[in-house]
Amino acid sequence: MANLPVEGGDLASQILHALDKKTPLISNEDFPASNFTDLKAALDRLASRRMVEYATLQREEVHLEPEGELIATHGSHEARVFEALRTAVDGLTIQELEKTIGDKNISKLGQGKAFRDKWITKTKEGKLKAVADSIHDAAKEQLLSIKETRTVSDPKALADLKKRKLVRVQKLIDFKIEKGANFALEIPEEATDLTAEMLTSGAWKTATFKPYNFQALGAEQRSGALHPLNKVRAEIKNIFFEMGFEEMPTDNFVESCFWNFDALFVPQQHPARDLQDTFYTSDPVLADMPADRKYWEDVKAVHQGGKYGSIGYRYPWSGDEALRLVLRTHTTAVSASMLHKLAATKGPDGRPLPARYFSIDRVFRNETVDNTHLAEFHQVEGIIADYDLTLGGLMAFMDIFFGKMGITGLQYKPAYNPYTEPSMEIFSYHAGLGKIVEIGNSGLFRPEMLEAMGLPKEMRVYGWGLSLERPTMIRYGINNIRDLLGHRVDLNFVQKNPAVRLGKA
């Protein structure tokens, strides 16, 4: 087939004609004015037809920073200080020197170096005076040489100049170009499609077809991506589901203090209910009374004077305080509501049926924001309601549950929670940090909390919780929680983070 006519200005044609006269070619020497992108495109075009072969060469050039340019033009700071003092025969005060040079910083830095090199001295009158007959400005000479050659032979000297921010190193890419197997001065025309006309005329027999580039990348698909928290959340949800749990509805971010605190046996004077720890709503301020007035009165009785074997907190319980609206501080408020509903159900024996519930959703606390704390985060919570449960059974279940997340070797420490007794903090060894870290909290809900709901005495409830952010940060190697949640999140990280399988390498 015919060859494509190539204009003299075409870069691909220039490369072919230059190769016909000289080989190999070095791009920065033979095509110094060519744009890198245009040159690479032309070489790829020729290399795909095997007309040329090229290799990538990397080199470094040293360029002067603005301060380096200033020294190369006007001299080093110490040389400028010396010249200013040499011109003033009787010397200058520090203020006069600064005014003469016109830059306080240059004057200050230059004095120190000039004193060390014994170019200047200080007189009895407190003036600065030049004492050397002449000086050699090595810094200016060195920077002028760098500006001309764009190289520094001594690595230590280069490191020192970079540290002083006088120079910068720029990496450059050149190409070594040689003739290919199909070298020619003209680019042959290549067909991109096999057409009906070619088949009819037989032209396909002599046609040159453009080869397929199987290494070419497809167009980037800007599709949606799951946030790392959602990936870890899905894994934890699967663990709950395979262990027979039912997900609780957690769509109420705003709860009354009754469900968030009082129903959980948290006294109204507890520090967690203070403004510095909790977000209260300003409009509306109060919730409606719960429909179950008996339950309301039983909770009041447990707090105020004691009931169901408890002596209570013995303080005047306030209904208005219990009706205040708050951004929920934990999803345990939802657990309390679900247990209250469970108490109203009856199984074949007339008692509530055993149940397993879990939730994973947002909670809010008036925290000081730092690397590990936010005012908004996610809580993972599970509860098991059954008969004749024991503390040992809770510990055994925790070993199984966290084992499915790849967390083993649990350790337990006694703790205090208003609504669980006994209570335990859960710890495990973190190989990445090289120490034991807290991973969750657990306990058995208090009898006076459960019996007020209407649950039978013999029913016990396990409860435990952990944050969603902690395992996610550990899994993805994130040190600052603000890089995981909030306005600082890198969208590239969200789009390209790998899938996660808890408990698997």
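In this text the structure is predicted, and so the values were computed from the model without any measurement.
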**Prompt:** Less than 4.5 Å apart, any side-chain heavy atom of L264 and any of N417?
**Reply:** no
**Message:** I'd like to know if the side chain of T195 reaches the main chain of M198, judged simply by a donor and an acceptor atom lying under 3.5 Å from each other, with no hydrogens or angles considered.
**Reply:** yes
**Item:** For S337, all residues meeting side chain to side chain donor-acceptor pair (under 3.5 Å), sequence neighbours excluded
**Value:** none
**Request:** Taking the six-membered ring for Trp and the single ring otherwise, decide whether the centroids of F240 and F401 are under 6.0 Å apart.
**Result:** yes
**Prompt:** Would you call the rings of F261 and H330 parallel, tilted or perpendicular if under 30° counts as parallel and over 60° as perpendicular?
**Reply:** tilted
**Message:** Going by side chain to side chain donor-acceptor pair (under 3.5 Å), name the residues that satisfy it together with K104, two or more places apart in sequence or in a different chain.
**Reply:** none
**Item:** Atom pair OG (S256) and CD (E321), whose distance is rounded to the nearest 0.5 Å
**Value:** 11.0 Å
**Asked** Just wondering, more than 12 heavy atoms not from D288 lying within 6.0 Å of its CG?
**Response** no
**Message:** Going by ring pair (Phe, Tyr, Trp, His ring centres under 6.0 Å), name the residues that satisfy it together with F209, two or more places apart in sequence or in a different chain.
**Reply:** none
**Complete:** Taken in chain and number order and not counting sequence neighbours, the residues that satisfy side-chain contact (heavy atoms from CB on, under 4.5 Å) with V285 are none
**Message:** Among I360, V363, V380, which residue satisfies the side-chain contact (heavy atoms from CB on, under 4.5 Å) criterion with T331?
**Reply:** V363
**Request:** Kindly say whether K156 contributes a backbone atom to a donor-acceptor pair with the side chain of D160 at under 3.5 angstrom?
**Result:** no
**Item:** R324/D320 salt bridge by N-O under 4.0 Å criterion
**Value:** no
**Item:** Carboxylate-amine/guanidinium contact K40 D44, below 4.0 Å
**Value:** yes
**Asked** Going by the side-chain hydrogen bond (donor to acceptor under 3.5 Å, both in side chains) test, which pairs reach into residues 242-251, not counting sequence neighbours?
**Response** K237-E247, E242-K404, T250-D361
**Message:** Rounded to the nearest 0.5 Å, what separates atom CG in L468 from atom CD in Q379?
**Reply:** 10.5 Å
**Prompt:** Looking at side-chain heavy atoms only, is the closest gap between L410 and M398 below 4.5 Å?
**Reply:** yes
**Item:** CG-OG distance between L342 and S335, expressed to the nearest 0.5 angstrom
**Value:** 12.0 Å
**Message:** When you compare the side chain of N28 with that of L172, does any pair of heavy atoms fall below 4.5 Å?
**Reply:** no
Only pairs under 3.5 Å count here: list side-chain donor-acceptor contacts from residues 303-310, not counting sequence neighbours, and write none if there are none.
unit_1, atom_1, unit_2, atom_2, d
H303, ND1, Y315, OH, 2.8
H303, NE2, D262, O, 2.9
Q304, OE1, W317, N, 2.9
K307, NZ, D298, OD1, 2.7
Y308, OH, D298, OD2, 3.2
S310, OG, G312, N, 3.0
S310, OG, E448, OE2, 3.2

**Item:** Reported CD-to-CD1 distance for the pair E65 and I71, which is rounded to 0.5 angstrom
**Value:** 11.5 Å
**Prompt:** Within the distance-only criterion (no hydrogens, no angle test), does the side chain of R50 pair as donor or acceptor with the backbone N or O of A47 below 3.5 angstrom?
**Reply:** no
**Side-chain ion pair, R362 and E376, N-O less than 4.0 Å** = yes
**Steps toward ring pair (Phe, Tyr, Trp, His ring centres under 6.0 Å) verdict (F258, Y295)** = CA-CA 11 Å; F258 179 78; Y295 180 44; 5.6 Å; yes
**Prompt:** Judged by atom type as modelled, is there a donor-acceptor pair below 3.5 Å linking the side chain of S428 to the main-chain atoms of T408?
**Reply:** yes
**Of all pairs that satisfy salt bridge (charged side-chain N to carboxylate O under 4.0 Å, His left out), the ones with a partner from residues 387-397, not counting sequence neighbours** = none
**Asked** Do side-chain atoms of H63 reach the backbone of Q170 as a donor and acceptor pair under 3.5 angstrom?
**Response** no
**Asked** Taking it one step at a time, do I236 and M405 satisfy side chain to side chain contact (heavy atoms under 4.5 Å, CB included)?
**Response** CA-CA 8 Å; I236 295 176; M405 296 171 60; 4.1 Å; yes
**Prompt:** With respect to W464, which candidate in F397, Y412, F445, Y357 satisfies the ring-ring contact (aromatic ring centres under 6.0 Å, His included) definition?
**Reply:** F397
**Request:** Take L444 and E421, measure what side chain to side chain contact (heavy atoms under 4.5 Å, CB included) needs, and give me the verdict at the end.
**Result:** CA-CA 6 Å; L444 274 77; E421 181 60 38; over 6 Å; no
**Message:** Between F427 and V437, is there a side-chain heavy-atom distance shorter than 4.5 Å?
**Reply:** no
**Message:** Taking side-chain contact (heavy atoms from CB on, under 4.5 Å) as the definition, give me every residue that meets it alongside E297, ordered by chain and number, with sequence neighbours left out.
**Reply:** K300
**Value rounded to 0.5 Å, distance of CG in L229 from CE in M473** = 10.0 Å
In a table with atom names and distances, give each donor-acceptor pair under 3.5 Å that connects a side chain of residues 453-462 to protein atoms at least two apart or in another chain.
unit_1, atom_1, unit_2, atom_2, d
E458, OE2, R351, NH1, 3.2
R460, NH1, K457, O, 2.4
Y462, OH, T390, N, 3.3
Y462, OH, T390, O, 2.8
Y462, OH, L394, N, 3.2

**Asked** Please walk me through it: do F377 and F364 pass ring pair (Phe, Tyr, Trp, His ring centres under 6.0 Å)?
**Response** CA-CA 7 Å; F377 60 97; F364 310 87; 8.7 Å; no
**Prompt:** Quick one: do the Q268 and S318 side chains pair a donor with an acceptor below 3.5 Å?
**Reply:** no
**Request:** Take K341 and D292, measure what salt bridge (charged side-chain N to carboxylate O under 4.0 Å, His left out) needs, and give me the verdict at the end.
**Result:** CA-CA 11 Å; K341 292 177 182 177; D292 189 344; over 6 Å; no
**Request:** Evaluate whether atom NZ of K346 has more than 12 neighbouring non-hydrogen atoms of other residues, nucleotides or ligands under 6.0 angstrom away.
**Result:** yes
**Item:** Contacts of type side chain to side chain donor-acceptor pair (under 3.5 Å), residue R150, not counting sequence neighbours
**Value:** E61
**Prompt:** So, R164 side chain and A159 main chain: donor-acceptor pair closer than 3.5 Å or not?
**Reply:** no
**Message:** Contact between S423 and Y416 at the side-chain level, heavy atoms closer than 4.5 Å - yes or no?
**Reply:** no
**Item:** For I173, all residues meeting side-chain contact (heavy atoms from CB on, under 4.5 Å), sequence neighbours excluded
**Value:** F36, T56, Q58, F175
**Prompt:** Does the N252 side chain pair with the main chain of V254, one donor and one acceptor, at a distance under 3.5 Å?
**Reply:** no
**Fill in**
Rounding to 0.5 Å, atoms CD1 (I177) and CG (D174) come to a distance of 9.5 Å
**Prompt:** Considering only heavy atoms from C-beta outward, does the side chain of I383 approach that of F358 to under 4.5 Å?
**Reply:** no
**Asked** Going by heavy atoms in the side chains, are K176 and L25 under 4.5 Å from each other?
**Response** no
**Asked** Taking the side chain from R356 and the backbone from M243, do they hold a donor-acceptor pair closer than 3.5 Å?
**Response** yes
**Request:** Report yes or no: does T329 contribute a side-chain atom to a donor-acceptor pair with the main-chain N or O of R365 at less than 3.5 Å?
**Result:** no
**Message:** Suppose we screen for side-chain contact (heavy atoms from CB on, under 4.5 Å). Which residues come up paired with I146, at least two apart in sequence or across chains?
**Reply:** V62, L64, Q142, L143, V152, L161, V167
